[in-house]
Amino acid sequence: MKLSITNFIDKVRSIYKEDFVPLHRPILKGNEKKYLQDCIDSNFVSSAGEMIIDFEKMIASYTKSKYAVSTSNGTSALHISLLLSGVEENTEVITQALTFVATGNAISYCNAKPIFLDVDKSTMGLCPQALSKFLHENTYSRENSLFNKSTDRRISACVPMHTFGHPCQIEEIYNICKEFNLPLVEDAAESLGSFYKGNHTGKYGLISAISFNGNKVITTGGGGMIVTDDEELAKKAKHITTTAKIPHQYEYIHDEIGYNYRMPNLNAALGIAQFENLKKFLEKKRKISEEYASFFDSFDDVKFFKEPESAFSNYWLNAIILNDSNEKNKFLKVTNEANIMTRPIWKLLSSLDMFVDCETDELVNSRWLEKRVINIPSSVPND
Ligand SMILES: *Cc1c(COP(=O)(O)O)cnc(C)c1O
């Protein structure tokens, strides 16, 4: 049977009883107000406070990371993760072409250049075979560092991303990076609550970044988190995100260029309340994805994207893949006109003005997916 957009709209309306159905909005019905009130009553609304420390402990414990350092947003968490893994000016960083622009931006903030490789069709994340092929064919090693044969620039990190919360084959990527002595930084911005072979995403990276933007699985309004098992990196991350100030009773001593990338206590308060409901949110999101999966099963010309093998996905954003790329615009137009928010997957970063001159591989899967993938409403339903 051919996909009926009308039936799809009815299906969405049966799940979300809202006039306008967004792609992903937060649910703020737990202890959010209470903790925000506590925060205001304590007068600690800004860059210091107990809530920040508590929220960091919660995320460290949940992801089974030894350390977690909160930041102003996911992009700043990624920026600092890259800096601390050794990404410097005039180096190159391998990532996937199919990702949100923030991945490429964070690399650029370090004055490094992205190399965009292909993704897997089964995960929509960085393809281990593409990574291995690129490293074997296009790089050489000198003094424990990896260099790009065609530019003679050092390749300073590899940044896979877990697209829409679906874990990429991160263990395979980890092993390849290890073989080439290449620091691994995971962009786990979308994947809080997603696991690969039982390990939380972000756990394979030397240092990794999570986002709590308003559209993510849980939100702090705006915020991010750096997670790592390395004590030295964690200390540096805390230092550099808090203006690199040396503790002193009254003197202002800063020992390097630091950043004001702190998460305010107010936002951490929101995060704690949200975190208390994470498990419930994940269960409800999984149920929605199952409903969608069985709905789309009855059509031959569309596939609902399911969690990859060996992975447990948070199903942050549900996605469908249309057989016929010519149907994409019609689907987007009709659904959006019916006040049901749907969005095409991102344009490949390698096609954006600021990245057009970056090196890529053939990007066969990325281009195929770019033409066919659509995100559909994925929030936790209001009950
Ligand atoms: C959301 C997101 C980020 C950035 O997070 P912000 O908190 O919005 O700065 C980075 N990378 C990816 C893949 C994201 O989806």
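Values below: every heavy atom of this structure, side chains too, minus hydrogens, waters and symmetry copies. In listed order, ligands and their atoms are each counted from 1.
Note: the hydrophobic cluster containing Leu23 also contains Met124 (ILVMFWY, side chain heavy atoms under 4.5 Å, direct or indirect links). Residues Tyr261 and Ile207 fall within the same hydrophobic cluster, defined by Ile, Leu, Val, Met, Phe, Trp and Tyr side chains chained together at heavy-atom separations under 4.5 Å.
Protein heavy atom at the shortest distance from atom 9 (O) of ligand 1 is Thr75 OG1, 2.5 Å. Closest to atom 2 (C) of ligand 1, if we only count protein heavy atoms, is Lys216 NZ, 2.9 Å. Among all protein heavy atoms, the one lying closest to atom 5 (O) of ligand 1 is Ser211 OG, 3.2 Å.
Taking distance alone, with nitrogen or oxygen atoms compared against 3.5 Å, Glu190 approaches ligand 1 more closely than that limit. Not a single N or O atom of Leu78, backbone or side chain, sits closer than 3.5 Å to an N or O atom of ligand 1.
The distance between the ring centers of Phe275 and Phe55 does not fall below 6.0 angstrom. In this structure, Tyr196 has its ring center at least 6.0 angstrom away from the ring center of Tyr174.
Counting heavy atoms closer than 4.0 Å to ligand 1, residue Asp187 contributes side-chain atoms (C-beta onward) but none from N, CA, C or O.
Residue Ala189 approaches ligand 1 through these ligand atoms, each under 4.0 Å from one of its heavy atoms: 2 (C), 3 (C), 10 (C), 11 (N), 12 (C), 14 (C). Listed by atom number, the atoms of ligand 1 under 4.0 Å from Asn73 heavy atoms are 7 (O), 9 (O). Residue Met161 has at least one heavy-atom neighbour below 4.0 Å for each of these atoms of ligand 1: 13 (C).
Looking at Arg13 and Glu18, no side-chain N of the basic residue comes within less than 4.0 Å of a carboxylate O on the acidic one, giving no salt bridge.
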Please lay out, stage by stage, how Cys158 and Cys177 fare under the test side-chain contact (heavy atoms from CB on, under 4.5 Å).
CA-CA 7 Å; Cys158 173; Cys177 287; 3.7 Å; yes

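Of the residues listed (Ile59, Ile80, Ile210), the one engaging Ile226 in a side chain to side chain contact (heavy atoms under 4.5 Å, CB included) is Ile80, and it is the only one.
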